[in-house]
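Letters A, B, ... mirror the listed sequences (proteins, then strands); counts begin at 1.
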Number of protein chains: 2
Amino acid sequence: MPEDERLPQPATADIDLVTVLHALGDPVRMTLLLSYADGAEHSCAPRDLGLEHLHKSTVSHHMRVLREAGVTTTRVAGRNRFVSLRRTDLDARFPGLLDALLAAAPAASA
Amino acid sequence: MPEDERLPQPATADIDLVTVLHALGDPVRMTLLLSYADGAEHSCAPRDLGLEHLHKSTVSHHMRVLREAGVTTTRVAGRNRFVSLRRTDLDARFPGLLDALLAAAPAASA
DNA sequence: CCTAGTGTTTGACGAGCATCAAACTGTTGC
DNA sequence: GCAACAGTTTGATGCTCGTCAAACACTAGG
């Protein structure tokens, strides 16, 4: 058991701003971003993400969009996948953007 | 000649983050944002915006999306419309977001 | 007036997207 | 092995979006 695999994701230098904004320009994926903002790893279960109303395949689709945009990373461990924010990579590529988004998002829904 | 009219736009408090990100999650509208980043007013002519390849009705559509999202404001003066960034409003609603976006966008296309 | 200029609106079309359901892959544990 | 589990993939459906073209509205200048 060397180390867990990761699902394919763009290199930090290849993260595209418009693609990231497009990925976050959806209420479900913004909800996911806020869930991931704690820096921890999260499973893909809709009930763990406040998305009980969505089918698991729909959630899987949204997580794929976030991962392919470079927003999240997915670690494969057995039959579970653990998703987390690529905070370091995003901060390096777009300094201040993630902080501004995370500060703005709760205010927007309040 | 009292004062020029403005096209309808959301109040500052009604600007929605996801709507803004959705508006900016398109390459054409990101180009427009960068044009507007100088703080000046711009006409709607595609050739003034580096969008010669697009039909004027398409540009008009994109500018409507930006205005309805709360990103820009449009002043009507005679047969011209002058579009500019709502920088003060955006900074008040989402502090740091616009600065981060404008800093990130050129780096992304470089 | 009449014409030219600036920009919007409408209609149409193709592409993409969000969603669900069902089938499928791989894993854990009995 | 086998059944339960976690998540993905595929197919289908309806909706949204980006684009163009043509028609329209309004203004400015002769």
Side-chain angles (χ1 to χ4, degrees), chain A residues 1-2 4-9 16 18-33 35-36 41-69 71-84, chain B residues 1-2 4-9 16 18-33 35-36 41-69 71-84:
Chain A
M1 188 204 73
D4 295 333
E5 287 183 12
R6 286 193 179 269
L7 263 40
Q9 64 184 36
D16 177 62
V18 172
T19 303
V20 168
L21 296 182
H22 178 263
L24 298 180
D26 175 277
V28 171
R29 292 192 290 263
M30 179 57 69
T31 299
L32 289 172
L33 177 75
S35 295
Y36 300 150
E41 292 184 318
H42 293 76
S43 85
C44 302
R47 66 182 171 286
D48 295 347
L49 299 162
L51 298 174
E52 301 85 353
H53 55 107
L54 289 180
H55 199 274
K56 61 178 180 174
S57 64
T58 302
V59 175
S60 180
H61 159 71
H62 285 301
M63 294 198 301
R64 192 209 307 222
V65 172
L66 287 175
R67 175 170 44 81
E68 292 182 342
V71 176
T72 59
T73 186
T74 301
R75 181 171 62 90
V76 179
R79 66 184 172 190
N80 298 307
R81 278 101 198 271
F82 294 105
V83 180
S84 56
Chain B
M1 188 203 78
D4 296 334
E5 285 183 14
R6 286 191 180 268
L7 263 41
Q9 65 184 36
D16 177 63
V18 172
T19 303
V20 168
L21 297 181
H22 179 262
L24 265 24
D26 175 276
V28 172
R29 292 191 290 264
M30 180 58 69
T31 300
L32 288 173
L33 178 74
S35 297
Y36 299 150
E41 292 186 315
H42 293 75
S43 86
C44 302
R47 67 183 171 287
D48 295 345
L49 299 161
L51 299 173
E52 301 86 353
H53 55 106
L54 288 180
H55 199 276
K56 60 178 180 172
S57 64
T58 302
V59 174
S60 180
H61 159 70
H62 285 301
M63 292 198 301
R64 186 191 341 201
V65 172
L66 288 174
R67 175 169 44 81
E68 292 183 342
V71 176
T72 59
T73 185
T74 301
R75 180 172 63 90
V76 178
R79 66 184 171 192
N80 298 305
R81 278 101 199 272
F82 293 106
V83 180
S84 56

Derivation and outcome, side-chain contact (heavy atoms from CB on, under 4.5 Å), residues B/L33 and B/L66: CA-CA 9 Å; B/L33 178 74; B/L66 288 174; 5.8 Å; no
Could you run down nucleotides 21-27 of chain C 5' to 3' and tag each one B, S or - for protein heavy-atom contact under 4.0 Å? BB---BB
Student check: side-chain heavy atoms of B/L21 and A/M30 closer than 4.5 Å: yes
What's A/H61 touching, base or sugar-phosphate or nothing? Going by heavy atoms closer than 4.0 Å. base
I'd like to check A/M63 versus A/L32 (side-chain heavy atoms, cut-off strictly below 4.5 Å). Are they in contact? yes
Would you kindly give the CD-to-P distance between A/E41 and D/dA6, to the nearest whole Å? 17 Å
Side-chain (B/S60) to main-chain (B/K56) donor-acceptor, under 3.5 angstrom: no
Whole angstrom is fine here: how far is it from CG in A/L7 over to P in D/dA6? 18 Å
Is there a donor-acceptor pair closer than 3.5 Å between any side-chain N or O of A/R29 and the backbone N or O of A/A23? yes
Testing the basics here: between B/V83 and B/C44, what is the closest heavy-atom pair and its distance to 0.1 Å? CG2-SG, 4.1 Å
When rounded to whole Å, the CG to P distance for the pair A/L32 and C/dT19 reads 10 Å
Does anything in residues 19-29 of chain B come within less than 4.0 Å of DNA chain C? Heavy atoms only, and list the residues if so. none
In Å and rounded to the nearest 0.5 Å, what is the NE2 to NE2 distance from A/H22 to B/H22? 6.0 Å
Which whole-number value in Å describes the distance from B/R81 CZ to D/dC26 P? 10 Å
Could you state the interatomic distance from CD (A/Q9) to CD (A/E68), rounded to the nearest 0.5 Å? 11.0 Å
Atom-pair distance (CE on B/M30; C1' on D/dG18), nearest Å: 17 Å
Please find the pair of heavy atoms, one from B/S43 and one from B/F82, that lie closest to each other, and give the distance. N-CD2, 4.4 Å
A/M63 has an atom CE; how far is it from atom P of D/dT9, in whole Å? 11 Å
Could you tell me whether a side-chain N or O of A/H42 sits under 3.5 Å from a main-chain N or O of A/L49, the two making a donor and an acceptor? no
Atom-to-atom span, CG of A/N80 to C1' of D/dG7 - whole angstrom: 9 Å
Nucleotide D/dC17, atom C1' - distance to CZ of B/R64 in whole Å: 13 Å
Need the bend value for the helix from C/dC1-D/dG30 to C/dC30-D/dG1: angle between end axes, 5 pairs each end, nearest 10°. 20°
N or O in side chain of B/H62 less than 4.0 angstrom from D/dT19 OP1/OP2: yes
Are the side chains of A/R67 and A/R64 in touch, meaning some heavy atoms are under 4.5 Å apart? yes
